[in-house]
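Beneath this line is the structure, given in structure tokens, with notes to follow.
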Amino acid sequence: MQMTTDPSAPWLVVGLGNPGPGYAMNRHNVGFMVADLLAGRIGGSFKRAAKAQAQVLEGRLGPMGPGSRRVVLVKPMSYMNLSGGPVTALRDFYKVPTAHVVAVHDELDIDFGTLRLKLGGGDNGHNGLKSMTKAMGSDYHRVRFGIGRPPGRMQVADFVLKDFSSVERKELDYLVDRAADAVECLVAEGLERAQSAYNS
């Protein structure tokens with residue numbers, strides 16, 4: 001699948017998660033963690049969007065100069081399973097082509113600590129992706145942050161809504177930082193370069 005969109009068009013980088021302090025360190029909220037780190041790199045803070053139930057931050061990512069890209073960071077405040085509405089509203093408001101939308105999300109079928117980037121595909125049961133795909137089709141980028149499968153007989157819903165374990169937290173800052181690097185590489189240099197550098 002090749003992108004034919006204007007390379008100067010802005011990017012919409014969506015960290016998927018659930019709003020509220022009770023969810024902050026859940027596995028399901030790793031998209032918010034990456035978005036918060038990227039906000040720090042931009043040097044700004046999220047503000048409530050006028051056009052959607054979301055928090056947004058506009059800025060530039062990537063190397064300074066012509067290599068940097070205009071981005072809008074988004075954290076939907078609608079809860080995970082309704083993410084598609086706010087994301088689509090912001091995509092339309094900022095005139096972002098769907099191929100310049102990036103969803104950063106937790107991924108059950110990838111081991112913890114592993115990153116995978118791709119364009120398009122299914123939702124693999126992820127409610128945030130399911131909502132986004134229903135609202136605007138599947139031709140958007142994904143930065144998939146592996147969290148692994150639940151242990152024993154634990155239900156998936158319970159697993160993703162639990163905090164990362166104490167062992168996982170020792171590596172979490174590094175891995176979130178690496179995922180943020182992958183987002184920057186994707187928007188600045190394209191999918192192939194980002195896959196080559198960060199897919200593991």
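The structure presented is a predicted model; accordingly, all values stated were derived computationally and were not measured. Side chains included, hydrogens not; waters and symmetry mates left out as well; all remaining heavy atoms used.
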Answer yes or no: is there a side-chain heavy-atom contact under 4.5 Å between E184 and R41?
-> yes
Indicate yes or no: at least one non-hydrogen side-chain atom of N26 is less than 4.5 angstrom from one of N18.
-> no
Cluster question for you: counting only ILVMFWY and a side-chain heavy-atom cut-off of under 4.5 Å, with indirect links fine, are Y174 and Y198 together?
-> yes
So if you build clusters from Ile, Leu, Val, Met, Phe, Trp, Tyr with side-chain heavy-atom gaps below 4.5 Å, do V13 and L186 land together?
-> yes
Indicate yes or no: does K75 engage D36 in a salt bridge with an N to O separation below 4.0 Å.
-> yes
Is any side-chain N of the basic residue among D173 and R178 closer than 4.0 Å to the acidic one's carboxylate O?
-> no
Is there a donor-acceptor contact under 3.5 Å linking the side chains of N127 and H28?
-> no
Here the gap from L172 atom CG to S166 atom OG, rounded to the nearest 0.5 Å, amounts to 12.0 Å
Does a salt bridge link R27 with D163, judged by any charged N lying under 4.0 Å from a carboxylate O?
-> no
Is the backbone of A9 close enough, under 3.5 Å, to the side chain of H100 for a donor and an acceptor to pair up by distance?
-> yes
Interatomic distance, CG@D92 vs NZ@K95, rounded to 0.5 Å, equals 9.0 Å
Output the distance between atom CG (D106) and atom CD1 (I110), rounded to the nearest 0.5 Å.
-> 10.0 Å
Would M80 and V34 show up in the same hydrophobic cluster when neighbours are defined by side-chain heavy atoms closer than 4.5 Å?
-> no
Locate the shortest heavy-atom distance separating S138 from G121; write the atom from each residue and the value.
-> CB-O, 3.5 Å
Between the side chains of N124 and D109, does any donor sit under 3.5 Å from an acceptor?
-> yes
Which heavy-atom pair separates L115 from A179 by the least distance, and what is that distance?
-> CD1-CA, 3.7 Å
Establish whether Y79 and L16 are linked, either directly or via other cluster members, by ILVMFWY side-chain heavy-atom contacts under 4.5 Å.
-> no
Is the NZ atom of K162 crowded by more than 12 outside heavy atoms at less than 6.0 Å?
-> no
Going hydrophobic residue to hydrophobic residue with side-chain gaps under 4.5 angstrom, can you get from M77 over to V101?
-> no
Please name all residues satisfying side chain to side chain donor-acceptor pair (under 3.5 Å) with H105, sequence neighbours left out, ordered by chain then number.
-> none
Interatomic distance, T98 atom OG1 to R91 atom CZ [nearest 0.5 angstrom] = 4.0 Å
Student check: side-chain heavy atoms of K118 and R144 closer than 4.5 Å | yes
Give the minimum heavy-atom separation between V72 and E58, together with the two atoms involved.
-> CG2-CG, 4.1 Å
Rounded to the nearest 0.5 Å, what's the gap from CD on Q155 to CZ on R153? Could you check?
-> 10.5 Å
Roughly how far, to the nearest 0.5 Å, is the NE2 atom of H126 from the CG atom of N81?
-> 11.0 Å
Determine the interplanar angle of the F112 and F164 rings, folded into 0 to 90°, and report it as parallel if under 30°, tilted if 30 to 60°, perpendicular if over 60°.
-> tilted
Cationic tip of R142 above Y140 ring, under 6.0 Å, 45° of axis | yes
Could you check if a side-chain atom of F32 sits within less than 4.5 angstrom of a side-chain atom of V104, using non-hydrogen atoms only?
-> no
Taking only residues two or more places apart in sequence or in another chain, which ones pass side chain to side chain donor-acceptor pair (under 3.5 Å) with S165?
-> E168
Is the shortest heavy-atom distance from the side chain of L57 to the side chain of K47 under 4.5 Å?
-> no
Between P86 and L82 the two heavy atoms that sit nearest each other are CD-O, 3.2 Å
Intermediate values then yes/no, side chain to side chain contact (heavy atoms under 4.5 Å, CB included), T88 and M132 | CA-CA 8 Å; T88 304; M132 284 180 61; over 6 Å; no
Do the non-hydrogen side-chain atoms of M25 and M33 ever get within less than 4.5 Å of each other?
-> yes
Taking C-beta and beyond as the side chain, do S131 and K134 meet within less than 4.5 Å on heavy atoms?
-> no
Side chain to side chain contact (heavy atoms under 4.5 Å, CB included) between W11 and V102, intermediate numbers included | CA-CA 8 Å; W11 287 77; V102 183; 3.6 Å; yes
List the atom of A54, the atom of P76, and the distance in Å for their closest heavy-atom pair.
-> CB-CA, 3.9 Å
Is it true that atom CZ of R70 has more than 12 heavy atoms of other residues, nucleotides or ligands lying nearer than 6.0 Å?
-> no
Can you name the closest pair of heavy atoms from L129 and G122 and give their distance?
-> CD1-O, 4.5 Å
Would you say V71 and P10 make side-chain contact, with heavy atoms under 4.5 Å?
-> no
